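Here is the structure we will look at.
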Number of protein chains: 2
Amino acid sequence: MIDQTEELPSPGVTAPRGFLAAGVTAGLKPSGRPDLALVVNEGPLDVGTAVFTTNRVVGAPVLWSRQVVQDHVVRAVVLNSGGANVFAGPEGFQDSHATAERVGHALGVSAGDVVVASTGIIGERLPRQLLLDGVDLASAALSDDGGPAAAVAIMTTDTVPKTSHVTIDGDFGTWTVGGMAKGAGMLAPALATMLCVLTTDAVIDAETAERALRTATRQTFDRIDSDGCMSTSDTVVLLVSGASGATPDPEGFTAGLTAVCGDLARQLIADAEGATHDIAVTVMGAETEDAALAVARAVTRSNLFKAAVYGNDPNWGRVLAQVGTVPESVAAFDPATLDVSINGVLVCKDGAAHTPRSEVDLASERLVQVLVDLKAGGEVVTVWTNDLTHAYVTENSEYST
Amino acid sequence: MIDQTEELPSPGVTAPRGFLAAGVTAGLKPSGRPDLALVVNEGPLDVGTAVFTTNRVVGAPVLWSRQVVQDHVVRAVVLNSGGANVFAGPEGFQDSHATAERVGHALGVSAGDVVVASTGIIGERLPRQLLLDGVDLASAALSDDGGPAAAVAIMTTDTVPKTSHVTIDGDFGTWTVGGMAKGAGMLAPALATMLCVLTTDAVIDAETAERALRTATRQTFDRIDSDGCMSTSDTVVLLVSGASGATPDPEGFTAGLTAVCGDLARQLIADAEGATHDIAVTVMGAETEDAALAVARAVTRSNLFKAAVYGNDPNWGRVLAQVGTVPESVAAFDPATLDVSINGVLVCKDGAAHTPRSEVDLASERLVQVLVDLKAGGEVVTVWTNDLTHAYVTENSEYST
């Protein structure tokens with residue numbers, strides 16, 4: 001039985017037992033809004049694992065945190081908004097290190113077990129003293145219902161905090177996965193580092209946790225793609241307390257973790273500022289999952305198609321033109337047999353016009369569902385994106401970063 | 001000595017000897033503007049070669065014309081705007097075939113030696129009778145100064161016709177390359193098939209012509225990239241009349257051809273409707289040409305960076321974030337030693353902020369020059385694009401295709 005509370009806010013990272021969290025105002029943001037979050041694993045387990053951006057150019061916090069998670073022991077995660085600490089030189093790395101040291105000192109744990117994540121303006125130093133004072137403030141404010149406050153403190157251009165959890169009452173006992181997220185290659189992506197902290201009180205070993213996290217992120221966060229741009233700081237961390245005493249099987253745990261990641265991913269897409277449509281591109285009939293993914297990504301990265309959707313134009317020609325850019329070595333299909341449906345209307349059958357596009361109504365709903373049938377196999381993948389709007393151009397041309 | 005006339009219009013395809021051209025109104029465009037062009041090679045040679053879009057989903061004219069050029073004999077090219085003949089089913093192919101037949105009949109040549117190219121709305125049949133009557137009209141209007149009229153008749157959202165030529169007076173005699181182009185993945189790319197016809201009176205064999213055309217397009221048209229979208233109909237044809245009697249060496253001919261293609265490519269970028277900046281991304285210090293090209297393309301495809309340029313923000317962080325997306329297997333570089341200059345100002349040195357970005361002035365010039373130094377070798381490549389503007393979104397969301 002899955003109990004996924006529909007009421008907001010979900011407690012997020014403090015939904016599972018064994019976790020404390022806080023969100024405070026360190027003064028990093030000119031707006032004076034909360035900007036520093038701390039999540040602490042109280043155990044009994046201290047398993048931690050993470051996935052980071054695959055960008056070769058990364059921020060100092062990623063360089064630091066990659067080292068922290070190597071031994072799969074993580075006691076705390078400290079996150080700040082108001083500054084990404086990217087391209088800030090060797091001093092930037094020292095700022096991340098000092099932050100971890102201060103958390104370690106406040107909690108009585110090793111700095112080497114503290115993950116650091118930062119989001120905000122790039123190319124500038126963070127004010128170190130404000131950061132360290134903020135850590136002290138957050139340490140003093142830690143509580144077992146601090147999840148929502150932590151979720152607020154990591155927001156940048158997000159309009160709402162994103163939290164989620166699932167509680168599973170299964171054969172192995174009752175256990176919970178919680179999480180919070182911000183950002184995500186969204187509509188103001190200079191600030192759009194995606195940060196996500198996941199927590200669980202299930203009893204899970206490091207290897208299972210790592211495998212589950214990779215599977216969950218691959219099927220959720222990796223399949224939202226607002227503008228094809230990859231941040232230098234994306235970080236997803238999973239902390240395992242084991243406080244429930246319940247030991248789910250790996251498949252069950254992966255499913256629960258994927259549910260929370262999927263919910264957070266949908267919240268990220270829905271909060272894309274300025275977007276008027278969420279677009280779900282589903283590719284079916286693919287020979288392999290990779291083939292389906294490559295074709296779906298090609299479509300979600302089309303400025304032309306995304307601008308057409310903004311204009312409520314179900315432009316399947318622009319869909320097919322993108323499908324055609326995927327090399328034969330990546331995805332098998334015969335251009336002459338491709339089908340495209342938009343919101344359930346088969347606008348293109350066997351590579352040629354079918355039902356008139358005028359029968360597709362895009363204006364009355366936010367969701368646009370595009371279905372491409374490659375007719376080459378049985379694999380199906382969905383990738384999410386948003387439409388390309390005037391607001392996107394405004395935010396990304398006027399926002400000073 | 002190169003005599004590249006600066007006055008407009010260049011005669012374009014009728015600049016070299018041995019060619020006739022015409023541009024007429026067949027009635028395919030609701031606007032009543034010219035929409036059908038014919039270019040005829042009068043010989044003595046009838047060598048022809050072409051490169052087409054690499055998209056796997058292609059229009060009927062490309063399917064037809066690929067067959068035509070296989071034997072390297074091309075006597076004429078017929079081009080229409082007002083309809084792309086893409087996704088128009090088997091009847092669409094018959095329309096292209098019938099057009100070639102009519103040209104063959106009018107000129108007394110084989111239909112199998114007539115290249116067909118179409119541009120305009122996709123997913124709709126062309127009105128065949130109008131098309132065939134237009135061919136008759138064009139055949140009757142052919143003249144040796146018809147190049148400019150032909151260039152006008154292939155325009156879609158282009159605001160000006162694009163023609164160019166170079167005349168080279170060399171050791172092997174005097175010979176000319178001419179050309180015309182339209183479109184090009186530009187700012188209204190639903191109509192942005194790139195069509196280009198090149199003509200020369202040099203004496204060139206088929207093999208040399210093909211090699212020269214591939215080299216020239218790779219260094220010019222393949223390096224302009226407005227929105228990363230690939231048309232289903234892009235076609236570049238080269239016709240060789242040999243009428244000058246001059247036989248340049250292959251390198252010299254390739255250079256002349258590349259000059260005309262480069263000039264046409266620059267005209268295409270400059271005519272990107274709604275763009276406020278042309279952006280030249282130069283990647284130097286690359287280990288290989290492919291590495292430089294991959295990095296330059298990654299930058300030119302960044303919506304974030306292109307929107308920043310629209311806002312006159314020299315956002316080098318967005319440049320580096322794109323550089324970092326190129327896998328190590330494709331381009332060698334150390335993120336910690338990357339340099340970025342914008343309009344000659346070294347804003348990033350060794351992966352960190354250097355000269356303040358406020359010293360870069362983007363507002364007063366259309367051209368933005370981005371220089372990325374990978375410090376990994378000696379190869380240099382430049383790729384051109386435009387900024388991402390409100391006008392792009394407007395055109396591509398409101399234009400009904």
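Basis for what follows: all heavy atoms, side chains included, without hydrogens, waters or symmetry-related copies. Naming convention: chains lettered A, B, ... in sequence-line order (proteins, then strands); numbering from 1 in each chain. Being a predicted model, the structure only gives us computed values, none of them experimental.
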| said: Looking only at heavy atoms and a cut-off of under 4.5 Å, which of A:Cys348, A:Pro335, A:Gly89, A:Ala298 has the most pairs with chain B? | reply: A:Pro335
| Top of A:Gly351, A:Ala88, A:Ala353 for chain B proximity - count of heavy-atom pairs under 4.5 angstrom | A:Gly351
| said: Need one label for A:Pro327: side chain, backbone, both or neither, based on atoms under 4.5 Å from any heavy atom in chain B. | reply: backbone
| request: In sequence, state the C-alpha distance, the side-chain angles, and the governing distance for B:Asp278 and B:Arg366, and then conclude on salt bridge (charged side-chain N to carboxylate O under 4.0 Å, His left out). | output: CA-CA 6 Å; B:Asp278 301 338; B:Arg366 185 175 171 93; 3.1 Å; yes
| message | Show the nearest heavy-atom pair for residues A:Thr232 and A:Asn55, with the distance to one decimal. | response | CG2-ND2, 4.2 Å
| said: For a salt bridge (charged side-chain N to carboxylate O under 4.0 Å, His left out) check, start with the C-alpha distance between B:Asp334 and B:Lys375, then their side-chain angles and the critical distance, and finish with the verdict. | reply: CA-CA 8 Å; B:Asp334 175 357; B:Lys375 302 182 187 172; over 6 Å; no
| task | Please assess B:Arg318 against B:Asp313 for the test salt bridge (charged side-chain N to carboxylate O under 4.0 Å, His left out), listing each intermediate value before the final yes or no. | result | CA-CA 10 Å; B:Arg318 294 183 184 177; B:Asp313 173 14; 5.3 Å; no
